[in-house]
Amino acid sequence: MAKGESVAGSDIPAGGFVQLLTPDGERIDTVTTADGTTYSVDFTDEEYRGLYRDLVTVRRLDSEAVALQRQGELGIWASLLGQEAAQVGSGRALRPQDMAFPTYREHGVLYCRGIDPIMPFGLFRGVDQGGWDPNEFKFNTYTIVIGSQTLHATGYAMGVTMDGKTGSADGEAVIAYFGDGATSQGEVNESFVWSGVFNAPIVFFCQNNQYAISEPLERQTRVPLYQRAGGYGFPGIRVDGNDVLATYAVTRAALDNARNGQGPTLIEAYTYRMGAHTSSDDPTRYRNGSEVEAWKAKDPISRLKAFLSKQKIAKKDFFAEVDAEANRQALDLRERVLAMPDPQPVTLFDNVYPNGSPEIDAQRTAFAEYQASFEGSAH
């Protein structure tokens with residue numbers, strides 16, 4: 001730490017998690033788990049400020065997306081509100097060569113991988129399929145089917161091993177994101193089996209936001225999710241998912257273990273979905289307001305801001321500048337979304353097959369004729 005004092009190192013109590021920054025903004029130097037692993041971070045003041053900027057920016061862009069959906073400009077949106085630290089911490093822990101497999105909510109990780117934030121808006125507006133190149137940014141396209149991306153990630157990770165790209169500090173690793181509800185899916189458990197047996201260089205990153213759509217965690221499992229890893233032959237660890245520092249430290253260590261040939265790790269980022277599952281959901285039907293208020297006290301942005309202020313790493317003018325820049329980016333994003341051209345319906349037949357298909361061509365022709373039949377009519 002560049003400035004200020006911090007709490008001495010500590011051990012994790014039974015049932016606890018790795019935490020390096022308390023909800024009050026107190027810094028813990030190191031945390032040691034039962035297996036003797038010690039977690040810490042060594043950031044410069046500028047890096048601390050950078051993490052804060054990331055958190056504020058992705059939250060502001062997310063809130064703009066929610067507003068756009070409510071105004072009819074997006075078909076649906078899956079908000080990351082409350083999960084910013086889990087996404088930014090893990091996203092910044094990735095090295096350039098690592099590959100990420102997201103669900104449909106990892107807007108913060110997408111931002112950390114350097115992808116234009118507008119890309120998922122094309123998907124949720126129905127303009128395109130996402131638009132970014134997974135190979136260029138080492139970030140796969142969004143996956144709507146719950147849990148299926150873990151199998152894709154496992155196969156990719158096995159390929160990394162077959163290509164001889166593990167076993168050193170500059171090796172490659174893979175991370176697969178999913179929620180607590182996905183752990184009940186067969187695909188996720190199958191990916192655990194295969195990754196464990198083949199010692200795949202993969203980190204399974206579960207954002208436990210307490211609800212699988214409307215089902216609370218206690219209806220998903222009788223043990224903490226991270227403990228499931230032991231049954232598949234690899235380690236699991238729980239981290240405070242609202243602590244960006246701890247999330248970074250735990251994810252970086254797990255990824256480095258994977259790239260060095262030490263196999264998979266399951267990380268359970270213990271966090272909370274402050275908003276709805278998606279914009280089609282009404283969370284007031286299955287959880288009460290007092291629960292939400294209790295989690296607000298653990299807000300990831302508030303605790304980092306408190307830390308920066310206490311340690312005199314940032315002042316009021318910095319926080320104001322970050323807010324202003326985030327608002328500017330949100331306004332720019334809104335204008336760009338509204339300017340997106342609506343695709344012609346017939347283009348839905350494009351890119352179905354790389355070399356075309358007589359059957360698709362016939363369907364395209366019939367569809368075009370059907371549309372043309374409405375021209376000049378009152379329909």
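The chain is numbered in sequence order, starting from 1. Since we're looking at a predicted model, the values are computed, not measured.
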Review point. Is there any salt bridge (Lys or Arg N to Asp or Glu O under 4.0 Å) pair reaching into residues 340-356, and which pairs are they, with sequence neighbours excluded?
Key: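 Output for this query lists Asp350-Arg364.
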
Practice item. Flag yes if more than 12 heavy atoms outside Glu359 fall under 6.0 Å of its CD atom; otherwise flag no. Key: no

Exercise for review: Answer yes or no: does atom NZ of Lys165 have more than 12 heavy-atom neighbours from other residues, nucleotides or ligands under 6.0 Å?
Suggested key: no

Check your understanding: Can any side-chain N or O of Ser63 pair as donor or acceptor with the backbone N or O of Arg60 at less than 3.5 Å?
Key ->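 Between the backbone of Arg60 and the side chain of Ser63 there is a qualifying donor-acceptor contact (under 3.5 Å).
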
Exercise for review: Without swapping roles, check the side chain of Arg303 against the backbone of Val244 for a donor-acceptor pair under 3.5 Å.
Suggested key: no

Point to revise | Under 3.5 Å side-chain donor-acceptor pair for Gln19 and Asp243 | key: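 No, because no side-chain N or O of Gln19 sits under 3.5 Å from a partner of the opposite role on Asp243.
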
Review point. Would Thr22 and Asp24 count as having a side-chain donor-acceptor pair, cut-off 3.5 Å?
Key: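 No, no side-chain donor-acceptor contact under 3.5 Å.
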
Exercise for review: Give me the ring orientation class for Phe101 and His152: parallel if the planes are under 30° apart, tilted from 30 to 60°, perpendicular past 60°.
Suggested key: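 Phe101 vs His152 ring planes: tilted.
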
Review point. Should the pair Phe139 and Trp132 be assigned to parallel (<30°), tilted (30 to 60°) or perpendicular (>60°) ring geometry?
Key: tilted

What's the spacing between [X] [atom1] and [Y] [atom2] if we round to 0.5 Å?
X: Ile267; Y: Asn208; atom1: CD1; atom2: CG; value: 13.5 Å
X: Leu20; Y: Phe307; atom1: CG; atom2: CZ; value: 10.5 Å
X: Leu151; Y: Asn189; atom1: CG; atom2: CG; value: 10.0 Å

Study note, to complete from the structure: All heavy atoms of Pro201 vs all of Thr161, minimum pair found to be CD-OG1, 3.1 Å

Exercise for review: Identify the heavy atoms of Ala176 and Ile202 that sit nearest to each other, and give their distance.
Suggested key: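 Reported closest heavy-atom pair: CB-CD1, 4.3 Å.
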
Check your understanding: Is the shortest side-chain N to carboxylate O distance from Arg59 to Asp62 below 4.0 Å?
Key -> no

**Study point:** salt_bridge(Asp256, Arg95) N-O dist < 4.0 Å
**Key:** yes

Pair [X] and [Y], ring centroids less than 6.0 Å apart:
X: Phe124; Y: Tyr104; answer: no
X: Tyr248; Y: Phe43; answer: yes
X: Phe121; Y: His107; answer: no

**Study point:** Gln87 side chain reached by Leu80 side chain, heavy atoms, under 4.5 Å
**Key:**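 Counting from C-beta outward, Leu80 and Gln87 do come under 4.5 Å.
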
Practice item. Hydrophobic side-chain clustering at under 4.5 Å (ILVMFWY, transitive links): who's grouped with Ile360? Put none if nobody. Key: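 The other cluster members (ILVMFWY side chains, heavy atoms under 4.5 Å, direct or chained) are Val346, Leu348, Phe349, Val352, Tyr353, Phe367.
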
Review point. Got a sec, which residues hit side-chain contact (heavy atoms from CB on, under 4.5 Å) with Trp295, two or more places apart in sequence or on another chain?
Key: Gln210, Asn242, Tyr270, Tyr272, Met274, Glu291, Lys298

